[in-house]
Amino acid sequence: MKTGSVGRNALTRNFYDQPTLEVARSLIGARLCVKPGEQTISGIITETEAYIGEKDLGCHAKSGLTKRTAVMYGQPGMAYIYFTYGNHWMFCVVTEAAGIPAAVLVRTVVIDQGLELVSRNRGHVSRKHWSDGPGKLTQAMEIDGSQHGADITNPTSGIWIEEGRLIPEESVTIRPRVGLYNVPEPWKSIPWRYLVTRKTNLEDLWDY
DNA sequence: ATCTAGATGACCT
DNA sequence: GGTCATCTAGATG
């Protein structure tokens, strides 16, 4: 958990090679880690969304295989990172076997390592809002297009996810995905979003 | 606390 | 040219 074991419990390819909804649920409580330099920045994942296949009209793969979505068609456990709204990087992990375009978007983490770096990146807002949104967490953790396609199962890539906390079922809420304003039903309202309930004291997730 | 509007650029049609 | 898997500041109750 501390310095000595960083990267040793990285989730393996088998983990991501599962139905996307299972991966999205299982990632709640896991620890997303990056190592841009000497120091590691990490956070416990508390919100995810699933995007599954070409039929899912909320998923980028609805347009088929393009330059942008190619990573989603490849091996599970790779980083699918894209730029949107002219400002924001989004971080996703590819799921399911090669050929099936699907991914899990990480929407919120609670920072538990690298507080100094994150404070530098996000110090202009209160700690509560450091990484409570997909665009915010990439800014906090220094994730951008340069990590697109990175192997999340291999810590030497500089970005990985490791075992974190076990979050019990009663602490996980399932809701429709966010931000799909013009997506037709049933995709707009399908409950493929997982988040830790508000009642859960997020400070319990901190190591400090 | 809740809402609205504008930013800003890659991607797809 | 329209659409975005969003964020922030500023206004309003």
Side-chain angles (χ1 to χ4, degrees), chain A residues 16 19-28 30 32 43 45-74 76 78-96 100-111 118-150 152 159 161 172-196 198-199 202:
Chain A
Y16 301 102
T20 305
L21 294 180
E22 285 184 29
V23 176
R25 165 61 183 91
S26 302
L27 282 177
I28 298 294
L32 173 61
I45 297 172
T46 59
E47 181 180 359
T48 60
E49 281 178 357
Y51 290 86
I52 313 177
E54 298 178 347
K55 289 181 190 162
D56 173 6
L57 296 181
C59 180
H60 290 160
K62 67 176 184 295
S63 307
L65 198 164
T66 65
K67 185 179 176 189
R68 180 212 216 176
T69 61
V71 171
M72 262 205 279
Y73 285 79
M78 301 300 188
Y80 172 61
I81 298 172
Y82 67 95
F83 188 71
T84 193
Y85 290 108
N87 282 302
H88 308 292
W89 292 101
M90 303 285 145
F91 170 74
C92 315
V93 194
V94 175
T95 59
E96 315 229 15
I100 302 176
V104 172
L105 169 68
V106 178
R107 293 188 55 86
T108 299
V109 303
V110 177
I111 300 295
V118 175
S119 166
R120 201 173 306 160
N121 297 334
R122 295 283 301 161
H124 55 287
V125 298
S126 66
R127 179 168 176 170
K128 178 172 164 47
H129 298 297
W130 272 359
S131 50
D132 60 340
K136 299 183 199 178
L137 79 87
T138 54
Q139 193 188 335
M141 302 186 73
E142 305 180 16
I143 294 170
D144 61 29
S146 65
Q147 289 120 310
H148 179 59
I152 299 298
I159 180 166
I161 300 176
V172 177
T173 306
I174 305 179
R175 299 244 105 87
R177 297 174 293 184
V178 172
L180 307 185
Y181 303 107
N182 288 333
V183 174
E185 299 291 359
W187 311 109
K188 180 180 182 147
S189 303
I190 201 163
W192 285 356
R193 176 185 178 209
Y194 297 81
L195 65 157
V196 175
R198 196 148 94 264
K199 272 189 286 186
L202 293 182

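Basis for what follows: all heavy atoms, side chains included, without hydrogens, waters or symmetry-related copies. Note on naming: letters A, B, ... go to the chains in the order of the sequence lines (proteins, then strands), and numbering restarts at 1 for each one.
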Picking from A/Leu137, A/Val178, A/Thr48, what satisfies side-chain contact (heavy atoms from CB on, under 4.5 Å) with A/Arg107?
A/Val178
Rounded to whole angstroms, how far apart are CH2 on A/Trp89 and C1' on B/dT8?
13 Å
Could you check whether A/Ser26 and A/Glu22, counting side-chain N and O atoms only, form a donor-acceptor pair closer than 3.5 Å?
no
Before you tell me yes or no, could you show the steps for A/Tyr194 and A/Val104 under side chain to side chain contact (heavy atoms under 4.5 Å, CB included), namely the whole-Å CA-CA distance, both residues' side-chain angles and the distance that decides it to 0.1 Å?
CA-CA 10 Å; A/Tyr194 297 81; A/Val104 172; over 6 Å; no
Exam field: side chain A/Thr138 to backbone A/Gly135, donor-acceptor pair closer than 3.5 Å
yes
Please give, in whole Å, the distance from C/dT6 C1' to A/Arg177 CZ?
16 Å
How far apart are the closest heavy atoms of A/Val23 and A/Tyr16, and which atoms are they?
CG2-O, 4.0 Å
A/Val110 and A/Val196, any side-chain heavy atoms less than 4.5 Å apart
no
Which nucleotide in the list C/dC7, C/dT6, C/dA5 gets nearest to the side chain of A/Met90?
C/dT6
With distance as the sole test, does A/Lys188 use its side chain to make a donor-acceptor pair with the main-chain N or O of A/Tyr181 at under 3.5 Å?
yes
For A/Arg122, which contact category applies under a 4.0 Å heavy-atom criterion: base, sugar-phosphate, or nothing?
sugar-phosphate
I'd like a table of atom pairs between the protein and nucleotides 1-7 of chain B - only N or O on both sides, under 3.5 Å - with the distance next to each one.
residue: B/dA7; atom: N3; partner: A/Asn87; partner atom: ND2; Å: 3.4

With side chains defined as the heavy atoms from C-beta onward, is the minimum distance between A/Arg127 and A/His129 less than 4.5 Å?
no
Who is the Watson-Crick or G-U wobble partner of C/dG1, with both distances under 3.5 Å?
B/dC12
Residue-level proximity of residues 55-70 of chain A to DNA chain B when a heavy atom falls under 4.0 Å
A/Ser63, A/Thr66, A/Arg68
Do we count A/Tyr51 as stacking onto C/dA5 if the rule is ring centres under 5.5 Å and planes under 30°?
yes
Comparing nearest nucleotides in DNA chain C, the 5'-proximal residue of the pair A/Gly86, A/Lys136 is A/Gly86
Closest contact, heavy atoms only, A/Val125 versus A/Trp130:
O-NE1, 3.5 Å
What is the distance, to the nearest angstrom, from the CG atom on A/Asn182 to the C1' atom on B/dC12?
15 Å
Are the side chains of A/His60 and A/Tyr80 in touch, meaning some heavy atoms are under 4.5 Å apart?
yes
Side chain proximity check, A/Pro101 to A/Thr69, heavy atoms < 4.5 angstrom:
no
Using a cut-off of strictly less than 4.0 Å, decide whether A/Arg107 has a side-chain nitrogen or oxygen near OP1 or OP2 of C/dT6.
yes
What is the pairing partner of C/dG13, taking Watson-Crick or G-U wobble pairs with both distances under 3.5 Å in any strand?
none
Min side-chain heavy-atom separation A/Leu180-A/Tyr51 under 4.5 Å
yes
Near DNA chain B, under 4.0 Å by heavy atom, which residues of residues 139-149 of chain A?
none
Check the distance between C/dA5's P and A/Leu137's CG and give it to me in whole angstrom.
16 Å
Of C/dT6, B/dG9, C/dA5, the nucleotide closest to the side chain of A/Val178 is C/dT6
Interatomic distance where CG belongs to A/Leu105 and P belongs to C/dT6 [whole Å]
7 Å
Closest-nucleotide ordering on DNA chain C, the 5'-leading residue of A/His129 and A/Val183
A/Val183
Can you tell me the distance, in whole Å, between the CD1 atom of A/Ile81 and the P atom of C/dT6?
16 Å
